[in-house]
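Here's the structure, in C-alpha cells; my notes come after.
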Amino acid sequence: MSTVISTLTDDGILHIEFNRPEKKNAITVDMYAQASEAFEQANTNPKVRVIIISGRGDSFTAGNDLMDFISHTSDGLNNGVVRFLNAVPNCTKPIIAAVQGHAVGIGTTLLLHCDMVYADTTAKFQLPFVKLALCPEFGSSFLLPRLIGQRHAAALLYTGAAINAETAFQYGLINQVTDDALATAREQAQIIAALPAAAIRLTKDLLTNTDKAQLMSIIEAEGKEFAECMKSPEAKEAMTAFMEKRQPDFSQFD
Ligand code: COA
C-alpha cells in the first residue's frame, strides 16, 4: 500500500492521505515526492475542484521523518522536500485539512497553506523546531504571526509547546473543532465542488496571490537556514536522542 494515497471522487474532491499510521504518518522524502505529484496534477486536472488533506490512523502527521530526514540533508534540503514546499503554496485549487491527533512541525506549518482547517478534539499542534535545534520552515515565520498574531506565534515557536484544538480555534489557526474532522472537511468540500469552478479559482487567486512572491522567497530563505541547522551538532544530538528514545543533552553546546 502506498504511503500517500490520492483518490479522486466523481464529485471533484481529490483526497490526499498520509498513510503511514504506524509511524504517526511521519513524512519521508518519498512521501514528499508522492504528495507533490498529487498537488501538481491537481492544478492541471480540471476534474479536481477541491482537495482534502488528512492522515490515516490516530495522527495527522508527526512531521518530517527524522531518521529519513537526517540522512538526506547533507547538501541542503532534498529535492522531494523542496518540490513539496513549492507545490502546496502554488496549488490553484482550495485545500481543506482534516486533523486528528498529532500535527507536529510541518504537520502544523502545512496547515498555514491550507484554505480551511477542521480538527477533532484529539488534535494537538506543535512547532518543536527549537527543541530540535532547527528554525521555522515552510514560510511559517511569515504566515504564523499573520494568522494568529505575533505573541502567540512567538510563544509557539520559542517554546515548542503543543496546543490543543480548542486553543488552536481561539488563536484562529483552525476553522472549527468538530467530532469528526474528515466528515466536516468532506461536507465543506462538497459545497465548494458544486460551485462554479472558475469563480472558486479566481477567489483563491485573489486571496493568496498578493504576497505570493514574498512568501516563496521567505520559504527559500528559511529552507537554506533550516538545512544549515540540520548539519549542526545540536540538531544531530536532538535527532539521535529521538531515535535512541532518550532526552537530548545540549549542555556541551554554547
Ligand atoms: N520521525 C520518525 N519516526 C517517528 C516520528 C518522526 N517524526 N514520529 C513518530 N515516529 C515513530 C516513532 O519512532 C515510533 O516508532 P517505533 O514504533 O518504531 O518506535 C512510532 O512512530 C510511534 O511514535 P511514538 O513516539 O511511539 O508515539 P507517541 O504517541 O508516544 O508520540 C509523537 C507521538 C508525535 C509526540 C512523537 O512520536 C514525537 O515527538 N515525534 C517526533 C515529532 C517531531 O519532532 N517531528 C519533526 C518536526 S521537524
Side-chain angles (χ1 to χ4, degrees), residues 1 3-4 17-35 53-74 76-78 80-82 84-85 88 97-113 119-141 143-144 153 156-165 167-168 173 181 219 222-250:
M1 181 63 100
T3 44
V4 174
E17 289 174 285
F18 297 121
N19 180 36
R20 208 177 165 227
E22 72 287 358
K23 297 285 182 189
K24 309 285 176 193
N25 294 319
I27 310 173
T28 60
V29 162
D30 183 47
M31 289 167 74
Y32 277 116
Q34 292 177 58
I53 181 131
S54 68
R56 287 208 177 172
D58 64 9
S59 288
F60 178 59
T61 165
N64 293 311
D65 184 298
L66 293 173
M67 286 67 156
D68 195 55
F69 211 60
I70 205 160
S71 62
H72 279 96
T73 40
S74 50
L77 289 186
N78 177 273
V81 180
V82 173
F84 186 79
L85 302 186
V88 178
V99 180
Q100 79 288 0
H102 297 286
V104 189
I106 201 162
T108 289
T109 59
L110 168 59
L111 303 177
L112 306 175
H113 300 274
D120 78 13
T121 51
T122 66
K124 276 194 188 144
F125 305 84
Q126 191 183 7
L127 298 161
F129 302 121
V130 285
K131 292 183 170 182
L132 296 163
L134 301 173
C135 65
E137 39 76 315
F138 210 0
S140 54
S141 63
L143 293 176
L144 192 65
L156 293 186
L157 286 168
Y158 286 138
T159 69
I163 55 168
N164 65 19
T167 304
L173 183 63
I219 291 174
E222 285 175 347
K224 282 187 185 143
E225 297 286 358
F226 193 94
E228 278 308 306
C229 289
M230 289 287 297
K231 295 182 204 161
S232 75
E234 292 94 322
K236 289 204 173 84
E237 164 60 11
M239 288 176 213
T240 309
F242 177 75
M243 290 177 221
E244 294 174 355
K245 299 189 188 291
R246 61 170 172 83
Q247 286 301 313
D249 175 7
F250 297 123

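Residue indices begin at 1 and follow the sequence shown. Bear in mind the structure is a predicted one, so any value in this text is a computation, not a measurement. Both counts, for ligands and for their atoms, begin at 1 and track the order of listing.
- When Thr28, Asp65, Asn25, Thr3 are each tested for a side chain to side chain donor-acceptor pair (under 3.5 Å) with Arg20, only one passes: Asp65.
- Partners of Glu228 according to the side chain to side chain donor-acceptor pair (under 3.5 Å) rule, which considers only residues two or more places apart in sequence or in another chain, are Lys231.
- To the nearest 0.5 Å, atoms CE (Met67) and NZ (Lys23) are separated by 6.0 Å.
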Could you go through ligand 1 and note, for every N or O atom, any protein N or O atom closer than 3.5 angstrom, writing the atom names and distance to 0.1 Å, or 'none'?
residue  : atom   : partner : partner atom : Å
ligand 1 : 1 (N)  : Leu66   : N            : 2.9
ligand 1 : 7 (N)  : Ala62   : O            : 3.3
ligand 1 : 7 (N)  : Asn64   : O            : 2.9
ligand 1 : 15 (O) : Lys23   : NZ           : 3.2
ligand 1 : 18 (O) : Lys23   : NZ           : 2.5
ligand 1 : 19 (O) : Lys245  : NZ           : 2.7
ligand 1 : 45 (N) : Ala62   : O            : 2.8

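- The aromatic rings of Phe226 and Phe129 sit perpendicular, their planes meeting at an angle over 60°, well past the 30° parallel limit.
- Looking at Leu144, Val81, Val88 one by one, the single match for side-chain contact (heavy atoms from CB on, under 4.5 Å) with Phe138 turns out to be Val88.
- Within a 6.0 Å radius of CD in Glu22, other residues, nucleotides and ligands contribute more than 12 heavy atoms.
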